[in-house]
Amino acid sequence: MTPFRAIALLSAAAFGMSLAPAAAQDKTPPSSSPSPLVEKLNAYVGCINRLSERSYESRNRYFSWAKKTGPTGKERIIYGTYTIYDTTDCKKDVEKANAAEPRDAELESAASAYADAVGKLEPLLKEADEYYEQENYKDDKMAKGKEMHPRLVAAWDAFASADKQLRAGVEAIKDKQAAEQLAAIEAKEGRKTHYYVEALMVQAKRLLRAENTDKPDIAAITQALTEYETTVKAAEEASGKDGDAKLGSFFVSSAKSYLTSAKQLMRRIRDKVPYSQGDRMMLGGGGGWMVEGSPPRLLRDYNQLIEGYNRGAHI
């Protein structure tokens, strides 16, 4: 499985509260100027949001028609691959952020490795895209396609490794902040609607990580699912109770849709249900969100949950 891809930009007001795909960035104006740490992390997150998803999609598209050993020229359908956006701004932003306070050598090294890896992937994907788009493999009997294959695989592997390391560094900081904030809310307000909304978002992220990974652990998935479902129910029960704030239908509906998709994916993993040929075509062609019980579908519904949260859980 492809790891989940993008994460939310941070604001001073909402730092550490959620992890979101690129389409679900925080729309709430910050209550104060972002801290140096928030600005630093946002530079890294900006690269991930702009470049990672497309980089993974380029690999998925390529291997939707090419064998792991590479193209032969005898394939019935040859899709080629995707290109990614210009990586120049990412490199500049990373260099600027790395020089800023607070310093974190390990995180800065991961960011530099990411910028380097995605920067090397960009021209190679352009080269491959032109080759396959112009159908030049019909003229050289796939000679260049075979030559490019190991270079593409190496570039994708280097990118995936760098992406994973950078995410881990950013997420470690965000997870710590989220846990501290949740504890502070409980200490001040008790377990009311506000607490359950924040707990729900933390557990939604944990569930996404458990399911959308190369080596899913069904026991960890089941535990994460149970915790998330319990909190969704608790949030509904607390909503509007004893004068407490009432949750909006959009947020509640998004939370339940995400739960449904998470259960569908869990069952596919648990029961080892294979994807049909049509499913594989959609997964490789950018329409994976339409496949029930798939990581892209889970990510789509998680994205909508984040959107509901960012719009305001009372909407």
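From a predicted model like this one, the values you see are computed outputs, not experimental measurements.
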Exercise. Dump the intermediate steps for salt bridge (Lys or Arg N to Asp or Glu O under 4.0 Å) on K126 and E122, then the final yes or no.
Key: CA-CA 6 Å; K126 287 181 179 178; E122 179 193 358; 3.2 Å; yes
Practice problem: Show your reasoning for whether salt bridge (Lys or Arg N to Asp or Glu O under 4.0 Å) applies to K192 and D242. | Solution: CA-CA 10 Å; K192 297 184 178 181; D242 298 328; over 6 Å; no
Quiz prompt | More than 12 heavy atoms from other groups under 6.0 Å of CD on E95 | solution = yes
Quiz item: Taking E186 for the side chain and Y195 for the main chain, is one N or O donor matched with an acceptor at less than 3.5 Å?
Solution: no
Practice problem: Using atom types as modelled and distance alone, determine if a side-chain donor or acceptor of T231 lies under 3.5 Å from a backbone N or O of E227. | Solution: yes
Quiz item: Within the side chain of T230, is there an N or O that forms a donor-acceptor pair under 3.5 Å with the backbone of T226?
Solution: yes
Quiz item: So, D244 and T193: side-chain donor and acceptor under 3.5 Å apart, yes or no?
Solution: yes
Quiz item: For R61, does its backbone N or O pair with a side-chain atom of S64 as donor and acceptor, under 3.5 Å?
Solution: yes
Quiz prompt | Donor-acceptor under 3.5 Å (W156 side chain, Y56 main chain) | solution = no
Quiz item: Taking all atoms of both residues into account, what is the closest heavy-atom pair of R268 and G293, and its distance?
Solution: NE-O, 2.7 Å
Quiz prompt | Side chains of R191 and Y196 in contact at under 4.5 Å (non-hydrogen atoms) | solution = yes
Quiz item: Is the side chain of S161 donor-acceptor paired with the backbone N or O of D157 at a distance under 3.5 Å, no angle test?
Solution: no
Practice problem: Taking the six-membered ring for Trp and the full ring for Phe, Tyr or His, determine whether the centres of F159 and Y114 are under 6.0 Å apart. | Solution: yes
Quiz item: Hey, are D279 and S294 close enough side-chain-wise for a donor-acceptor pair under 3.5 Å?
Solution: no
Quiz item: How far does CG of D129 sit from OG1 of T81, to the nearest 0.5 angstrom?
Solution: 7.5 Å
Quiz item: Any sub-3.5 Å donor-acceptor pair from D86's side-chain atoms to T88's backbone N or O?
Solution: yes
Exercise. Start with the C-alpha gap between R50 and D93, add the side-chain angles, then the distance that decides, and say whether salt bridge (Lys or Arg N to Asp or Glu O under 4.0 Å) holds.
Key: CA-CA 12 Å; R50 181 171 174 78; D93 291 344; over 6 Å; no
Quiz item: Do K40 side-chain atoms and A100 backbone N/O form a donor-acceptor pair below 3.5 Å?
Solution: yes
Self-check item: Nearest heavy-atom neighbours spanning V291 and M282
Solution: CG2-CE, 3.7 Å
Exercise. Count the heavy atoms belonging to other residues, nucleotides or ligands that lie under 6.0 Å from CD of E133, then report whether that count exceeds 12.
Key: no
Exercise. Measure from the side-chain N and O atoms of S254 to the backbone N and O of F250, and report whether any donor-acceptor pair falls under 3.5 Å.
Key: yes
Quiz prompt | Y309 (side chain) donor-acceptor with M201 (main chain) under 3.5 angstrom | solution = no
Quiz item: What do you reckon, is CD of E101 surrounded by more than 12 foreign heavy atoms closer than 6.0 Å?
Solution: yes
Self-check item: Check: E108/Y44 side-chain N/O donor and acceptor closer than 3.5 Å
Solution: no
Practice problem: To the nearest 0.5 Å, tell me how far L305 CG sits from L208 CG. | Solution: 10.5 Å
